[in-house]
Amino acid sequence: METDDVSLREQLFHDKVREILICVQLFICLYILSYLILTHFRKNAEFVTDDIEDATVNKIVLWLCTFTLSVAVCAVLLLPISILSNEVLLTFPQSYYMQWLNGSLIHGLWNLVFLFSNLSLVFLMPFAYFFTEAEGFTGSKRGVMSRVYETAVMLLLLSLLVLGIVWVASALLHDNTARESLYDLWEYYLPYLYSCISLFGVLLLLLCTPFGMSRMFSVTGSLLVKPRLLENVEETMNCAVFEEASLSRKLNSNTSCWLNLNMEAMKRQFVSIQAKRMALETRRKASAWQRNLGYPLVMLLLLALTVVCVLMVCFHVLELLFDESAMPRGMEDPHLGLASFSVFGSLGAAVQVVLILYLMVSSVVGFYSSPLFSSMLPRTQDTTLTQIIGNCVCLLVLSSALPVFSRTLGITRFDLLGDFGRYNWLGNFHIVFLYNMLFVGLTSACLINTVTWAVQRELIRAFGLHRLPFTVTRSAIPFRLLMASGLSKIQ
């Protein structure tokens, strides 16, 4: 018996060490990837300075932002890794090389992401912001440590303020619980605070994702070569070359033009014509398959993903009405390798993974496309540290809410693990049902608006109505007039 106990303890020890090594290797890979992304966008002038103290502070802040971004990426990958791990264990149930992939590893990964998300949102990112703004207390010796002391004091005051606000909010909503748990910081207030942050992230995803799905068509279309109906590329290219040569000759020959009030307008027109000519050259160099087949296939793929997502949410709404198990909830043991989380098996699980990643990409596109947050869009080699901190916080809020968002919409049946499933509002049927209905309504409205306007815009351009001296809008030219103009032009 004693030998069996020793062997069991050794096995548990080896399993725990293996899980730690796997998590560390995954985090190191994500940290390196996040560091490369941030160094691509950071402003190099802030790190190349004669002040060694400022350079040291900026490096420390960059490391903290890299840690936060890597946690955000890991939060995005939580559900895909869990779903794919279950399918792998179903495919190879007795494989010796898949013994490391178990429920304990996945559950530990969820707990680590939850812990580091709390740590980054509550402590690391506020510390990074105050650290960049700190200069040390008046009369103290200059140095990095004086900034650390000032940042620690500011962070302590902010923590007291936030905890006071959370206590007041909980007292207004749950009076008895707030009185009983006045000193229960770790077990009540921090999870309650993170539950509020997660609710804010889920609401932000509800607004950004439908808008991002509609914007995905235009963003993807700007990266591809669009086919043009009834357009002669060579003729348009020659006109653009002649216009560019004419403007260039005017700017170079007539020196008085440079003193004219219309100089800036001519410069802008010249730059616009140059950009148009370069775009036409790209379209002319593209192959016929890329020009006529690539763009429609990508647009159909985006449309199919959006429609499938909306249909899955509609089906989940019906499930909520007749099946209590459709409600999002948490679980302690994932029980991987027993059954697929999709009725269509491995194919359905792969579709779930694709849809989850598509939702995340759409939410990020919608977030940066919204007028409220468009100014936060990072620019290559021209993003300040303050902007990097703000972007990391926003991405972490979105990504940490993605598992709850996907499970609430019924994109996957994989229940939430660890503290992700302990949010107070997850068990409220009215909130979950209204959330699903709002998502279906907003996504359908954005999709219909995008598709109809895209079709009318292409018809306006194809029939030459964009060359009219007035601005052509949807209200100015009805769809029947477009069709009549097109038929007369074809005849």
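Note that the numbering runs from 1 along the sequence shown for the chain.
- Surrounding OH of Tyr129 are at most 12 heavy atoms belonging to other residues, nucleotides or ligands under 6.0 Å away.
- Counting heavy atoms from C-beta on, the side chains of Val202 and Thr408 never come closer than 4.5 Å.
- Shown here are the salt bridge (charged side-chain N to carboxylate O under 4.0 Å, His left out) partners of Glu87, two or more places apart in sequence or in another chain: there are none.
- For the atom pair Leu109 CG and Ser82 OG, the distance stands at 7.0 Å (nearest 0.5 Å).
- Here Glu319 pairs with Arg413 under the salt bridge (charged side-chain N to carboxylate O under 4.0 Å, His left out) rule; sequence neighbours left out.
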Would you please test Val61 and Cys65 for side-chain contact (heavy atoms from CB on, under 4.5 Å) and show each step?
CA-CA 6 Å; Val61 171; Cys65 292; 4.1 Å; yes

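- Minimum interatomic distance between Leu62 and Thr66 (heavy atoms only, all atoms of both residues): O-OG1, 2.7 Å.
- Summarising the geometry of Leu64 relative to Met125, their closest heavy-atom pair is O-CE, 3.6 Å, with the distance given to 0.1 Å.
- Proximity of a side-chain donor or acceptor of Ser214 to a complementary backbone N or O of Cys446 within less than 3.5 Å is not detected.
- The aromatic rings of Phe433 and Phe429 sit parallel to each other, their planes meeting at less than 30°, with 60° as the upper class boundary.
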ring-ring contact (aromatic ring centres under 6.0 Å, His included) between Phe67 and Tyr35: does it pass, once the steps are laid out?
CA-CA 9 Å; Phe67 178 86; Tyr35 184 79; over 10 Å; no

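- Proximity of Thr306 to Tyr358: side-chain heavy atoms (C-beta onward) are separated by under 4.5 Å at one or more points.
- With a 4.5 Å cut-off on side-chain heavy atoms, Cys23 and Leu112 count as touching.
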I'd like to know whether Phe217 forms a side-chain contact (heavy atoms from CB on, under 4.5 Å) with Val298, so could you lay out the CA-CA distance, the side-chain angles of the two residues, the decisive distance to 0.1 Å, and finally the verdict.
CA-CA 9 Å; Phe217 292 92; Val298 173; over 6 Å; no

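- Without hydrogens or angle criteria, Gln381 side chain to His40 main chain gives a donor-acceptor distance under 3.5 Å.
- Summarising the geometry, atom CZ belonging to Phe130 is positioned 10.5 Å from atom CD1 belonging to Ile389; distances are rounded to the nearest 0.5 Å.
- Rounded to the nearest 0.5 angstrom, Ile356 CD1 and Arg407 CZ are separated by 11.0 Å.
- Interatomic distance, Leu204 CG to Cys394 SG, rounded to the nearest 0.5 Å: 7.5 Å.
- Distance check: Met312 CE to Gln352 CD gives 5.5 Å after rounding to the nearest 0.5 Å.
- For the residue pair Phe439 and Thr209, the shortest heavy atom distance occurs at CE1-CG2, 4.0 Å.
- Contact record, Cys309 with Met213: SG-CE, 4.0 Å, taken as the closest heavy-atom pair.
- Annotation: side chain of Met360 is in contact with side chain of Leu402 (closest heavy-atom distance under 4.5 Å).
- Put simply, the side chain of Val393 does not reach to within 4.5 Å of the side chain of Thr68, judged on heavy atoms.
- Looking at every heavy atom in both residues, Ser375 comes nearest to Gln387 through O-NE2, 4.2 Å.
- The heavy-atom pair separating Arg215 from Ser369 by the smallest distance is NE-OG, 3.4 Å.
- Annotation: side chain of Leu124 is in contact with side chain of Ser120 (closest heavy-atom distance under 4.5 Å).
- Proximity of Lys16 to Ile20: side-chain heavy atoms (C-beta onward) are separated by under 4.5 Å at one or more points.
- A side-chain donor-acceptor contact under 3.5 Å links Ser400 to the backbone of Val397.
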Show your working on side-chain contact (heavy atoms from CB on, under 4.5 Å) between Val432 and Tyr435 and close with a plain yes or no.
CA-CA 5 Å; Val432 174; Tyr435 190 89; 5.6 Å; no

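- No donor-acceptor pair under 3.5 Å is formed between the side chain of Ser444 and the backbone N or O of Gly441.
- Using cut-offs of 30° and 60° on the angle between ring planes, the pair Phe373 and Phe367 is parallel.
- Results of the side chain to side chain contact (heavy atoms under 4.5 Å, CB included) test with Ile28 over Leu26, Leu30, Ile32 single out Ile32 as the only residue that passes.
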Thr443 and Val313: side-chain contact (heavy atoms from CB on, under 4.5 Å), yes or no, with the steps?
CA-CA 11 Å; Thr443 305; Val313 178; over 6 Å; no

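- If you run side chain to side chain contact (heavy atoms under 4.5 Å, CB included) between Trp110 and each of Ile81, Leu79, Leu115, only Leu79 comes through.
- A distance of 5.0 Å separates CG of Asn58 from CG of Leu385, quoted to the nearest 0.5 Å.
- Under the 4.5 Å side-chain criterion, counting only non-hydrogen atoms from C-beta, Thr151 is not in contact with Pro126.
- At most 12 non-hydrogen atoms from other residues, nucleotides or ligands lie less than 6.0 angstrom from CE of Met437.
- With sequence neighbours excluded, the residues that form a side chain to side chain donor-acceptor pair (under 3.5 Å) with Tyr368 are Asn391.
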